[in-house]
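Chain naming here is simple, since letters A, B, ... match the order of the sequence lines and numbering starts at 1 in each. For the numbers below, each heavy atom of this structure counts, side chains included, while hydrogens, waters and symmetry mates do not.
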Number of protein chains: 2
Amino acid sequence: MHWNRYLNGGYYMDMDADQPQQRRLTRAEAKARTRTLLLDAASQVFASQGFAGASVEEIAERAGFSIGALYSNFTGKEELFLELMASRASDRAAETTQLLQDEREAPGRPWQALGQQMISVADKNTELVALQAEFWLYAVRHPNVMETFAARVRQRREPLEQLIGSEFSKDRGGYDGDLASRVAIVVSALFQGMVRQRRIDPDNVPAELYGDALRWLFTGIKATERAARGENQ
Amino acid sequence: MHWNRYLNGGYYMDMDADQPQQRRLTRAEAKARTRTLLLDAASQVFASQGFAGASVEEIAERAGFSIGALYSNFTGKEELFLELMASRASDRAAETTQLLQDEREAPGRPWQALGQQMISVADKNTELVALQAEFWLYAVRHPNVMETFAARVRQRREPLEQLIGSEFSKDRGGYDGDLASRVAIVVSALFQGMVRQRRIDPDNVPAELYGDALRWLFTGIKATERAARGENQ
DNA sequence: GTCTATAAACAGATAGAC
DNA sequence: GTCTATCTGTTTATAGAC
């Protein structure tokens, strides 16, 4: 039996029972597996109860272990939370890169399609959306963590920034990195804001709206840029 | 001595000591004042510790009262939090209405100016921004509260929706309420997303960016609408 | 490595004095 | 109305058995 990790943080087992030389897990592997299961349980409990509201007992129980096991893998609740924060950040980065890779391979696709896909991904991962809010609050309340968190968020924005940059390159000579960076911030802020609104009021925040907003935004940017170039030349 | 409430939820005393018939507060007035002070303290403590992380003792202490006083004014921590949620929502609604009223009286002002002003207001009220995130998480975790919260958010969006609608009326014959509503959602989502980003990474999220984004957005909407009308007519 | 048992601190909430 | 004292349950974290 072997545990693999999905991009979204879930797990599945290799059910290939015919595997010839199935062996016991080494101590290190077993411990790693326990850590992983604890982190997965922590994700659920922190998402539904918040950092302060979550109890280590519930996390351990949900993972199928005792409190003692938790404390032998993490120094405490805080470290568990911070490790989760780090692990989920890299998951998201991989996911985003993949999503935008798909986008690059279907370059004719309108912004609407990308927008709708992003929203539908967010609709499914309700746990992650709540966790993000929890991470943000933690960062705001712990200045020493804030910079690390901000750096991760910036990093996650990079693939988006590149996609936008290459989109703009089509229309003009050079690659305007500063513009791409600013637009990426706007696009991701818009995305996060809409996902949160939609979460509490889905009827009033249709999934297509994010795509519409992207179309408006990029139409406006191109028009504005054209106008600016027209004046300068 | 009389307590008045600022739009932003703060308080100030009338220092007019010469007031001739200064009288003792009635029991009801004293109780109302206690409630108000407790709510104000709760705002600070909930913002910095979160709902689960805040203790009623700290709230009572910060307000200058004992735990007993808190329990004689609220049934418990939960009611205190919900009352705060309701009171701060109406404060924000009044504030927004005022801000957009100013906007209406200076109709030539570009979107950039409005955007920058909104961001600078948010920069000052860091407590409120954290509270909003806390309210959102609470709503997400308590389905019975969610609809009430969503309704308050919708209500707060109304003045913005009207401003946008009247802006669009200039360009075309009728008032397109549906478009205005959708754009208002986009604008407020964008705002909230940028404020959160800016809170943890101010260097990378310049205050002007929100204004730029609004300009891009409205330029794009008008171009898109023009194109749509051109095709239909 | 993980479990059970427990220590020590703290939380929300109540009762009765004033 | 508000305060002090207290009850009860829960929490994080640790110690020692296996």
Counting heavy atoms from C-beta on, name the nucleotide in [options] closest to the side chain of [X].
| X | options | answer |
| --- | --- | --- |
| Ser66(A) | dT2(C), dT14(D), dT2(D) | dT2(C) |
| Ala69(B) | dA13(C), dT2(C), dT2(D) | dT2(D) |
| Asn73(B) | dG12(C), dT11(D), dT2(D) | dT2(D) |

Check this for me, if you would: do [X] and [Y] make a salt bridge, where the nitrogen-to-carboxylate-oxygen distance has to be below 4.0 angstrom?
| X | Y | result |
| --- | --- | --- |
| Glu134(B) | Arg88(B) | no |
| Arg24(B) | Glu29(B) | no |
| Arg154(B) | Glu158(B) | no |
| Glu58(B) | Arg62(B) | yes |

Contact under 4.0 Å: [X] side-chain N or O vs [N] OP1/OP2:
| X | N | result |
| --- | --- | --- |
| Thr34(A) | dG1(C) | no |
| Lys31(B) | dG1(D) | no |
| Ser55(B) | dC10(C) | no |

If you look at every strand shown and take non-hydrogen atoms under 4.0 Å, does Gly76(B) touch a base, only sugar-phosphate, or nothing?
->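 The answer is sugar-phosphate, as Gly76(B) gets under 4.0 Å only of primed atoms, P, OP1 or OP2.
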Under 4.0 Å between any heavy atoms, over every strand shown, what does Ala54(B) touch: base, sugar-phosphate, or nothing? Just pick one.
->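 Here Ala54(B) touches the backbone only, sparing every base.
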Please give, in whole Å, the distance from [N] [atom2] to [X] [atom1]?
| X | N | atom1 | atom2 | result |
| --- | --- | --- | --- | --- |
| Leu38(A) | dT2(C) | CG | C1' | 11 Å |
| Lys77(B) | dT14(C) | NZ | P | 15 Å |
| Phe65(B) | dT4(D) | CZ | C1' | 16 Å |
| Glu61(A) | dT12(D) | CD | P | 12 Å |
| Glu57(A) | dT14(D) | CD | P | 17 Å |
| Leu70(B) | dG1(D) | CG | P | 16 Å |
| Glu78(A) | dT11(D) | CD | P | 18 Å |
| Ile67(A) | dT11(D) | CD1 | P | 9 Å |

Closest approach of Ile59(A) and Ala41(A), non-hydrogen atoms and distance?
->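 Closest approach of Ile59(A) to Ala41(A): O-CB, 3.4 Å.
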